[in-house]
Amino acid sequence: MGGYDVWDIPSTAFIDPGENWCGVRCPVCGSDIEDWWGDAMDTAALPDGYFDALAVTMPCCSAQTDLNALDYVEAAGFARYSLVTTDPECELPLPPASIQALEDLLGTDLRQVIARY
Ligand SMILES: [Zn+2]
């Protein structure tokens, strides 16, 4: 109930929205790339399940980008640290001002991933 955890991840991990997953699109041309994405993730993953190089070439329009920059329909992304709150007592998503305050505090950019499992 409430509270939060800080995950200090030993390497770069993919933070996914669980049951909230709604697919992924090309950030350049907007094509649905979900089928390609699964293979791309398998290719990019290291044997331990973490990630190192994220650079990819889009199958749809040949754009050069990276897996963290894709247009995840429900937010997802790669992280080394994760602030995790379970059963939050406030409305989600957190308002931009709250995210900004956390970013200022931590000195890094944050991405809010709302996961359901
Ligand atoms: Zn594209």
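Along the sequence shown, residues carry numbers from 1.
- By the 4.5 Å heavy-atom criterion applied to side chains, L70 and T65 are counted as neighbours.
- Rounded to the nearest 0.5 Å, atoms CG (L92) and CD1 (I114) are 5.0 Å apart.
- Annotation: side-chain hydrogen bond (donor to acceptor under 3.5 Å, both in side chains) contacts involving residues 6-20, sequence neighbours excluded, comprise D16-Y117.
- The side-chain heavy atoms of D71 and V73, taken from C-beta on, include no pair separated by under 4.5 Å.
- Listed by first and then second residue, the side-chain hydrogen bond (donor to acceptor under 3.5 Å, both in side chains) pairs that reach into residues 42-63 are T57-Q64, sequence neighbours excluded.
- Within the structure, side-chain hydrogen bond (donor to acceptor under 3.5 Å, both in side chains) pairs that include any residue of residues 27-39 comprise W21-E34, W37-Y72 (at least two apart or interchain).
- Among all heavy-atom pairs drawn from A69 and P27, the shortest one is O-CB, 3.4 Å.
- Side-chain atoms of Q112 do not come within 3.5 Å of backbone N or O of P93 as any donor-acceptor pair.
- With hydrophobic clusters built from ILVMFWY side chains whose heavy atoms lie under 4.5 angstrom apart, F78 does not share a cluster with V113.
- Between the R111 side chain and the A75 main chain, no donor and acceptor come within less than 3.5 Å of each other.
- Using a 4.5 Å cut-off on side-chain heavy atoms (C-beta onward), I33 and M58 make contact.
- With hydrogens and angles ignored, the 3.5 Å screen pairs no side-chain donor or acceptor of D66 with any backbone N or O of L54.
- In this structure, the separation between CZ on R80 and CD1 on I15 is 11.5 Å, given to the nearest 0.5 Å.
- Linking Ile, Leu, Val, Met, Phe, Trp and Tyr residues whenever their side-chain heavy atoms come within less than 4.5 Å leaves Y81 and L105 in two separate clusters.
- Classified by interplanar angle (parallel below 30°, tilted 30° to 60°, perpendicular above 60°), the ring pair F51/F14 is perpendicular.
- Here the CG-OG1 distance, from L94 to T85, works out to 8.5 Å after rounding to the nearest 0.5 Å.
- Inter-residue side-chain proximity for T108 and E103 is flagged as unmet; no heavy-atom pair is nearer than 4.5 Å.
- Summarising the geometry, atom CZ belonging to R25 is positioned 11.0 Å from atom SG belonging to C60; distances are rounded to the nearest 0.5 Å.
- The minimum heavy-atom distance linking S82 with I9 is given by the pair CB-CD1, 4.2 Å.
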